[in-house]
Amino acid sequence: MAKHYDVQAAETRWQARWIDEGTYQIENDDPRPPYYVLSMYPYPSGQAHQGHVRNYTFGDVLVRFRTMQGFGVLSPFGFDSFGLPAENAAIKGGDHPLAYTEARIAELKASVLRLGAVYDWRREIRSHDPEYIRFNQIIFTHLFKNDLAYRKGGIVNWCPGCQTVLANEQVESDGTCERSHDLVERRSLEQWFLRITNYADELLDALDDLDWPDRVKTMQRNWIGRSEGARITFPVEGAKDLSIEVYTTRPDTSFGATYLVLAPEHPLVDRVTTSLQQGEVERLRALAAQQSDIERQSTEGALEKRGAFTGSYAINPFTKSPIPIYIADYVLASYGTGAIMAVPSEDDRDFAFATIYDLPIIRTVAPPEEFAGGAYAGDGLHINSGFLDGLRIAEAKSRAIDWLESEGFGERSVQYRLRDWLISRQRYWGCPIPVVYCDRDGIVAVPEEQLPILLPQDVEFLPTGESPLKHHPDFLHTTCPTCGGPARRETDTMDTFVDSSWYFLRFTDPFNTVVPVNFDAARHFMPVDQYIGGITHAIMHLLYSRFFTRALGDIGLSPSEIREPFSQLFCQGMIRLGGKAMSKSRGNVISPNDYFKSVGADALRLFHLFVGPPIDDIDWGDQTNEIIDGCSRYLRRVWRLAVDPESTDDAVVSDAKDPAAETALLLRNVHQTIAKVTDDLARYGFNTAVAECMALTNAITRAARTGVDRSTIDEAIDVLLRLLAPMVPHIAAEAFEERHGRHIHKEPWPVADLALAKDDQVVMVIQVNGKVRDRIEVDATIDESEATQLALSREIIAAALEGATPSRIIARPPKLINFVL
RNA sequence: GCCCGGGUGGCGGAAUGGCAGACGCGGCGGACUCAAAAUCCGCUACUUGAAAGGGUGUGCGGGUUCGAGUCCCGCCCCGGGCACCA
């Protein structure tokens, strides 16, 4: 009597067993070669969605595959459990963020367990755990002491929807908040920053050697935005002690600098503005201050209203001529020196501005004959440029800088688009910044032994837009750790990206209660061999993590030789429903739970692996359920083949051929499949790995019908089950146990015997003038002349040649022969 | 505007410069069944042809090559990222 496969029972039984037996627990002194597979830890949003399923399935396949290959695989899981949704829910009258978050974690964890993804759960991290908070705060105080964390006032991004400031990385290019999509405002506030800019060059240069997708590397390069040029000092005419420094990437065009432009917020604006121009300058400053970034960066609108003359002049050090000083909103205070020299002949914006304000335009690079007019940014010979005349751009640049340096008017300078990372948030549900403000001692970091500073539980969540911590006297009022006098506690919490910037290091030894990172464990497992997650984190999380890994190393909290956290990164495609990315905030989520109940986790996993290349986006559409049913059907077929062979024996015989040849064919198939699947899994070719397994299944079915002996078929089935084990772990385990009483996930990965995999008969294609005219089966060792003779002996070929003698014969035995007339 | 991807049957997708369409979905036909479901077997790019066979075909136009989905040049379309950064 055939054994029925009860999907629910089998899947939950194996899931319990992997945990109970600690199959995927790993010790830090494990003697096997280490291998670290990590899926980006999720924000706990409740039930898993298909994006999670996809991510964790890919990771799980690698964990199980590498384990079977003999690696000591570290596969941890955790939750990025601080964040706004929990607090917003509380404000809307829901549970306390803590209760809310833990309930959502429980839901998500249940889905992950039910998917059959395996982790060393002893290592689970939750960002809101007091222990994790403590280490986060210890790291912060070390960053503070090493001057990598600092407090600074200035213009910052304020999201009215989230009621907090944001890092530059969290503002989209259209000036909206990356979370809430509210228009971000500019406010002048004092905030906490981390000095990521100290690492700008290293973060940029190290990208070259990283095995990451090019688009992610490009995005990081653009974000860091290194540019090389010069700072040039322009003395202000008639004011001995006053000069304006500009940054330019084109010092070679300095002879064409016909005016200067300061950002409206530039500190010298007041000093260079004459009383006559006061009104005009004030009008523009007021306008710029109230404008959002989006308006200010718009290229639309009349430039007439966007600039103002200050009334003063500066001396161009190259020409010694006085040039007017303007202010304009298109010059950003935060980049370079907040002031530019305008060269209208070689810069589009300057050209447009100069045209409207009727400022002189002097060409310093000769444009080509056919040039239509306007600003010319291309290469050419310099003109009107004194000692630079006749030079091309590159040479002129370096000569100009040499001159500036020798004359004392400026120097070579490198600028970055990257700004320091603003990490303070005016919200409750995050890691408190462990600092107090004392009237006597100023800003004081809380000593390590007094950490963690935990969030008070007894707070009220009101829709006032202010952090409840500000109104919690017991939290707010404290004593200064230095002088013991009264002090005020910092009420801002950290950006949750801080939590996720080092959790992968913590995973290597989360049991350690003394230090954030255990050096030995980090050296053993780091860097992460395979990091898997969405492209949405291409800049923020991945850049911050690269920065943290370096910074922690440099301040002695982690081994300093570990510079890069993730040696290989894989960004899976999105899942779209109705043309839109599937996400909880859009409410177009398809829960995996229904599929667990109907077809089971294996079928759903198989679908995600098979449907297409993992890097591509997938559309969840009308056909999706049919494909999932097809996956389920395939698995039932494998079950019957492996556990219930009688059902296939019924159909036997009709096809009986030469059993010896068929047996050899099957064996060849088996070993070719092993080679292909092994290769595919190592390079994320999951869809083709599945296809190969299906093809092998077809071959075994046919072999059973054509009289191949039982032992060869059994051998093939056992290989098939082992190849499938990482992808569909439950049914493979159940079938293998049924057949052998052993645990398939403790079996070694099959190794291809290349001698057996070799074809001895192959199909040779015969072409005439590159067109396929015939194909014949030949010996794989056939040589050129044999192949040619054989091909010429074919009637079809003789007919195609029409008696002519080929002028050329391209022979590529045993695959192809091409007669060229 | 700049920088990445991508464009292959009815659909998802395969193809180290060498048989285009593996594998699957859907469809069609058959076997089993009283019947249905399930399962199994076969066919399934387009076109012409009764058939054998022929012709055409990987977004468009050129090129390299004995041979191009694949390499090169120029376009078109789709998706994504960046964009007063001096």
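A note on names: the letters A, B, ... follow the listed sequences, proteins ahead of strands, and every chain is numbered from 1. The analysis underlying the following values was restricted to heavy atoms, covering all of them including side chains, and did not include hydrogens, waters or symmetry mates. This is a predicted model, so every value here is computed, not measured.
Using Watson-Crick or G-U wobble geometry with both donor-acceptor distances under 3.5 Å, B:G24 finds its partner in B:C11. B:U65 is unpaired under the criterion used here, namely a Watson-Crick or G-U wobble arrangement in which both key atom distances are under 3.5 Å.
Nearer the 5' end of RNA chain B, as judged by each residue's closest nucleotide, is the contact made by A:F610, out of A:V820 and A:F610. Along RNA chain B, the nucleotide nearest to A:Y247 and the one nearest to A:A695 differ in position, and the one closer to the 5' end is contacted by A:A695.
Closest to the side chain of A:V765, out of B:C85, B:C19, B:G24, is B:C19. Side-chain atoms of A:V772 lie closest to B:C19 of the nucleotides B:C19, B:A22, B:A86. Closest approach to the A:Q623 side chain among B:C23, B:C25, B:A14 is made by B:C25 (side chain taken as heavy atoms from C-beta onward). The listed nucleotides are B:U39, B:G81, B:C85; the one nearest the side chain of A:R417 is B:C85. Comparing B:C4, B:A14, B:C23 against the side chain of A:T688 picks out B:A14 as the nearest.
Remark: A:R349 is in phosphate contact with B:C85, judged by side-chain N or O atoms under 4.0 Å from OP1 or OP2. Within the 4.0 Å cut-off from OP1 or OP2 of B:C25, not a single side-chain nitrogen or oxygen of A:N625 is found. Proximity of A:R221 to the phosphate of B:C82: no side-chain N or O atom is located under 4.0 Å from OP1 or OP2. Distances shorter than 4.0 Å separate some side-chain N or O of A:K771 from OP1 or OP2 on B:U56. At the phosphate of B:C66, OP1 or OP2 sits under 4.0 Å from a side-chain N or O atom of A:R808. Remark: A:R773 is not in phosphate contact with B:C19, judged by side-chain N or O atoms under 4.0 Å from OP1 or OP2. The side chain of A:N687 places an N or O atom within less than 4.0 Å of a non-bridging phosphate oxygen (OP1 or OP2) of B:A14. Between A:R633 and B:C25, a side-chain N or O to OP1/OP2 separation shorter than 4.0 Å is present. OP1 or OP2 of B:C40 sits under 4.0 Å from a side-chain N or O of A:R640.
B:C76 and B:C40: their C1' atoms are spaced 48 Å apart (whole Å). Going from the C1' atom of B:G63 to that of B:G54 covers 29 Å, rounded to whole Å. Atom C1' of B:G12 sits at a distance of 16 Å from the matching atom of B:G27, rounded to the whole Å. Atom P of B:C75 sits at a distance of 26 Å from the matching atom of B:C82, rounded to the whole Å. Spacing between B:G9 and B:G21 at atom C1', rounded to whole Å, works out to 7 Å. With both ends at atom P, the span from B:C41 to B:G24 equals 11 Å, rounded to whole Å.
Backbone-only contact: A:E626 has heavy atoms under 4.0 Å from sugar-phosphate atoms and none from a base. Counting any heavy atom pair closer than 4.0 Å across all strands shown, A:P213 reaches no nucleic acid atom. The residue A:Q767 sits close to a base: some heavy atom pair falls under 4.0 Å. A:G336 comes within 4.0 angstrom of nothing in the nucleic acid, heavy atoms only. Counting non-hydrogen atoms under 4.0 angstrom, A:R215 reaches the backbone sugars and phosphates but no base. Nucleic acid contact for A:D616: none, since no nucleic acid atom lies under 4.0 Å from a heavy atom of the residue. As judged by a 4.0 angstrom heavy-atom cut-off over every strand, A:N818 is placed among the base-contacting residues. The residue A:D622 sits apart from the nucleic acid: no heavy atom pair falls under 4.0 Å. At the heavy-atom level, A:S227 lies under 4.0 Å from the strands shown only through sugar-phosphate atoms.
No donor-acceptor pair under 3.5 Å is formed between the side chain of A:E777 and the backbone N or O of A:Q761. A donor-acceptor contact shorter than 3.5 Å is absent between the side chain of A:D252 and the backbone of A:A396. A:N316 contributes no side-chain N or O that, together with a main-chain N or O of A:F255, makes up a donor-acceptor pair within less than 3.5 Å.
The glycosidic torsion of B:G9 lies within 90° of 0, which places this base in the syn conformation.
Of the charged side-chain nitrogens involved, at least one lies within less than 4.0 Å of a carboxylate oxygen, so that A:R221 and A:D208 count as a salt-bridged pair.
Computed from coordinates, the A:I224 CD1 to B:C82 P distance equals 14 Å when rounded to whole Å. Nucleotide B:C25 holds its C1' atom 5 Å from the CD1 atom of A:I627, rounded to whole Å. One atom, NE2 of A:H537, and another, C1' of B:G81, lie 16 Å apart when rounded to the nearest Å.
For the atom pair OH (A:Y326) and OH (A:Y259), the distance works out to 8.5 Å, reported to the nearest 0.5 Å.
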